[in-house]
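Sharing a structure here in structure tokens format.
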2 protein chains.
Amino acid sequence: MTRERRATITDVARAAGVATSTVSRAFTRPQRVNAATREHVLRVADELGYVPNPAARAMGTGRTQTLALLVPDLTNPFFSGIITGAEQAAARAGRTLVVADTQESPEREQHLLTSLDPAVDGFVVAASRLPDDALREAAARSRIVLLNRATPGLPAVVADYESGTRQVVEHLASLGHRELVFLGGPVGSWSGARRWAGLQRACADLGVQAVRWGPYSPTLAGGPGAADAALAAGARAVVCHNDMLAIGVLRRLAERGVAVPADISVVGFDDIFGADFCHPPLTTLAERTRDAGSAAVGLLISAETDGVTALPTELRVRASSGPPRS
Amino acid sequence: MTRERRATITDVARAAGVATSTVSRAFTRPQRVNAATREHVLRVADELGYVPNPAARAMGTGRTQTLALLVPDLTNPFFSGIITGAEQAAARAGRTLVVADTQESPEREQHLLTSLDPAVDGFVVAASRLPDDALREAAARSRIVLLNRATPGLPAVVADYESGTRQVVEHLASLGHRELVFLGGPVGSWSGARRWAGLQRACADLGVQAVRWGPYSPTLAGGPGAADAALAAGARAVVCHNDMLAIGVLRRLAERGVAVPADISVVGFDDIFGADFCHPPLTTLAERTRDAGSAAVGLLISAETDGVTALPTELRVRASSGPPRS
DNA sequence: GTGAAAGCGCTAACAT
DNA sequence: ATGTTAGCGCTTTCAC
């Protein structure tokens with residue numbers, strides 16, 4: 001099968017009887033070319049099936065009109081919302097989005113940041129696992145917006161964990177809980193640290209005892225270990241690092257015949273797909289992931305160089321939390 | 001903040017005291033350059049933080065080392081597996097993957113196929129909504145591999161629906177069901193058509209009555225309408241276009257106090273994230289989406305031009321299906 | 001084995 | 001308003 005050679009700007013120029021620069025302008029600065037000529041050029045281009053070659057365009061301008069989104073785990077539905085939001089915002093702005101999976105690996109994240117650099121105009125890095133100085137160094141080369149991670153000097157979009165964790169604690173306290181266990185995720189997780197810090201502050205204010213256990217894997221697979229530990233210690237309310245872990249915990253508790261929420265209340269973070277139809281439906285702190293994804297892309301495009309955008313969160317109370325059985 | 005200018009091949013050549021062509025060769029044809037020179041060049045390049053510019057490379061060669069994946073709906077977890085598999089296969093092969101959402105729109109799919117064309121070396125188009133001739137036309141310009149869609153002349157990766165649907169019908173028949181209702185998805189859906197065709201054949205062979213209703217939206221939102229219709233007609237077993245719809249149906253049945261599976265059995269397709277922890281856990285035909293994604297990318301890279309790869313499916317029997325209450 | 005030089009398709013001065 | 005021309009960073013003949 002022989003593929004047709006793509007029409008170039010030169011082909012269009014020749015067919016339209018104008019210079020290549022006119023064709024170029026007709027596409028990039030329509031107002032800077034006579035209306036009639038523009039019409040004509042555009043029509044000829046269309047007939048020839050001409051589509052500008054972004055690689056060639058990138059060479060002259062240095063801008064690729066492409067943005068990269070780095071996520072730690074493509075299979076985690078939490079990031080689906082972010083991807084969707086980012087993709088929409090990029091598409092709206094006429095940019096192409098490249099999505100890459102860092103597989104929770106700082107090395108791979110670092111590698112992508114350098115190898116993709118010449119190919120893109122900037123990065124949205126979600127839940128970065130990189131140390132602050134590595135991020136700042138990368139930011140000296142490329143435009144970077146952080147998502148659910150913040151470090152001084154870099155623009156970031158984060159969930160408002162301060163208010164969010166307070167909502168969680170108030171909810172549990174109002175149900176009569178006086179102590180809670182935080183089932184923590186990876187030690188290096190920035191959002192995990194913020195969640196725990198917020199919970200602690202809120203607990204202190206509201207007279208609730210809080211302890212942190214873990215780390216547990218922030219996946220369904222982390223559930224059994226976390227659930228067993230909570231059970232062994234007689235916890236009556238657990239707050240999990242994220243929904244994946246929380247759902248894993250729920251499943252393990254069901255296996256072991258433990259009643260939720262009568263025996264133990266379970267709360268998660270993220271409100272991922274599935275949190276409302278697992279059993280029992282999960283009480284969780286919802287983040288506006290679509291908005292976060294599109295906000296991050298927006299910052300990237302507007303060339304923001306600093307500042308933290310905090311997005312509101314919302315506690316979704318479902319059946320996994322309730323008053324402790326006395 | 002002034003960003004450092006990226007080192008170019010010229011910088012490396014100058015610093016290493018060789019010609020640019022030697023630097024180029026050191027990267028692209030390591031064996032065609034003296035080992036010592038190569039070492040030296042590579043070391044200098046590393047010191048300068050040189051990373052080849054893919055856009056420039058693309059101009060000379062015409063290959064961008066970038067592949068595009070088009071999906072109808074990024075928020076559908078079914079496609080998460082495909083994205084993951086495709087991304088892994090692309091990364092393994094040193095390619096970059098671009099993911100775009102067609103939003104179930106043939107027009108947008110068409111548009112992406114042409115506008116992205118010069119930017120990528122080929123497309124994986126998942127669950128294409130385009131008519132056969134539009135696909136063939138696109139394939140004359142770009143390299144295309146279809147996923148869960150097939151049309152003569154184009155390479156494709158599909159699930160083995162023939163065997164899969166038979167497993168579904170055998171399962172229901174073995175439980176004592178003598179009739180089933182297929183709650184169909186979008187009319188234009190190729191996989192929907194194959195699923196229905198397979199169900200019909202299997203039903204004919206096994207003496208089961210089958211009727212098709214719909215179309216319903218293949219989303220959670222499609223559930224209520226589909227469930228209500230099934231209920232009104234007294235269906236005892238429904239097979240849904242996909243898991244999203246099936247879970248929507250499940251939720252609606254729960255709302256209406258209908259017992260699953262005693263009153264009605266529900267079966268889905270895809271085994272998406274959540275299918276095993278919704279309530280009751282959903283019996284569904286699992287497709288190997290990760291494998292499908294990576295297989296499609298593999299075909300793209302190996303420049304396959306035709307042939308259908310059928311991937312095995314597996315029925316996951318869970319609690320949503322059972323014998324009808326007599 | 002290595003260098004010199006000609007493009008790849010496009011944009012952006014600079015002319016006209 | 002439009003044409004001319006010089007690159008952008010890299011690969012690739014073609015010489016040496």
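Computed over heavy atoms, backbone and side chain alike; hydrogens, waters and symmetry mates excluded. None of these values were measured; they are calculated from a predicted model. Below, chains carry the letters A, B, ... as their sequence lines are ordered, and counting in each starts from 1.
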Counting the atoms with a prime plus P, OP1 and OP2 as sugar-phosphate, which does B:Y50 contact under 4.0 Å by heavy atoms, base, sugar-phosphate, or nothing?
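The answer is sugar-phosphate, as B:Y50 gets under 4.0 Å only of primed atoms, P, OP1 or OP2.
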Please report the distance, rounded to the nearest Å, between CZ in A:R57 and P in D:dC10.
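Rounded to whole Å, this separation is 21 Å.
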Take the protein atom CD of A:Q65 and the nucleotide atom P of C:dT11, then report the distance between them rounded to whole Å.
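In whole Å, C:dT11 P and A:Q65 CD are 10 Å from each other.
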In the structure I gave you, are the side-chain heavy atoms of A:R6 and A:Y50 within less than 4.5 Å of one another anywhere?
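In short, these two side chains do not touch, never coming nearer than 4.5 Å.
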The side chain of B:N53 is closest to which nucleotide in this list: C:dT11, C:dC8, D:dC10?
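Taking heavy atoms from C-beta onward, the closest nucleotide is D:dC10.
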For a quick check of understanding: with a heavy-atom distance under 4.0 Å over all strands, which category does B:S24 fall into, base, sugar-phosphate or nothing?
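If one applies the 4.0 Å heavy-atom cut-off, B:S24 turns out to touch a base.
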Measure the distance from NE2 on B:H40 to P on C:dG1 and round it to the nearest whole Å.
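Computing the B:H40:NE2 to C:dG1:P distance gives 18 Å.
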Within this structure, what is the CZ-to-C1' distance between A:R6 and C:dC8, rounded to whole angstrom?
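Atom CZ in A:R6 sits about 12 Å away from atom C1' in C:dC8.
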What's B:V18 touching, base or sugar-phosphate or nothing? Going by heavy atoms closer than 4.0 Å.
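Contact class for B:V18: sugar-phosphate only.
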To the nearest 0.5 Å, what is the distance between CG (B:L116) and CG (B:L67)?
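Spacing of CG (B:L116) from CG (B:L67) equals 11.0 Å.
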B:N34 vs B:A56, nearer the 5' end of DNA chain C by closest nucleotide
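Counting from the 5' end, the first nearest nucleotide belongs to B:N34.
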Please state how far atom CD1 in A:I9 lies from atom P in C:dA12, giving the value in whole angstrom units.
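A:I9 atom CD1 is separated from C:dA12 atom P by 11 Å.
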Looking only at N and O atoms, is any donor in the side chain of B:R25 or the base of C:dG3 less than 3.5 Å from an acceptor on the other one?
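Indeed, a donor on one side and an acceptor on the other fall under 3.5 Å apart.
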Closest to side chain of B:T61, choosing from D:dA1, D:dG9, D:dT11:
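Taking heavy atoms from C-beta onward, the closest nucleotide is D:dT11.
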With a non-hydrogen cut-off below 4.0 angstrom, is B:R38 in contact with a base, only sugar-phosphate, or nothing?
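It contacts nothing in the nucleic acid.
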Using distance alone, with no hydrogens and no angle criterion, decide if A:E109 and A:S128 have a side-chain donor and acceptor under 3.5 Å apart.
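Yes - a donor-acceptor pair under 3.5 Å links their side chains.
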How long is the line joining CZ of A:R32 and P of D:dT2, in whole Å?
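Those two atoms, CZ and P, are 13 Å apart.
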B:T37 side chain, from C-beta outward: closest of C:dA5, C:dG1, C:dG9
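Of the options given, the side chain of B:T37 lies nearest C:dG1.
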Side-chain H-bond candidate by donor/acceptor type, A:N148 with A:S191, under 3.5 Å:
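No.
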Measure the distance from CZ on B:R29 to P on D:dT12 and round it to the nearest whole Å.
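Result: 5 Å.
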Which of these nucleotides, C:dG3, D:dC10, D:dG3, is closest to any side-chain atom of B:T22?
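Closest nucleotide among those given: C:dG3.
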How about CZ on B:R194, more than 12 heavy atoms from neighbouring residues, nucleotides or ligands closer than 6.0 Å, or not?
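Result for CZ/B:R194: open.
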What's B:S21 touching, base or sugar-phosphate or nothing? Going by heavy atoms closer than 4.0 Å.
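Here B:S21 touches the bases of the nucleic acid.
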C:dG3, C:dA5, D:dC8: which one has an atom nearest the side-chain heavy atoms of A:M59?
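Closest of the options to the side chain of A:M59: D:dC8.
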So B:P52, base contact, sugar-phosphate only, or nothing? Heavy-atom distance under 4.0 Å.
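Sugar-phosphate contact only - B:P52 comes under 4.0 Å of backbone atoms but never of a base.
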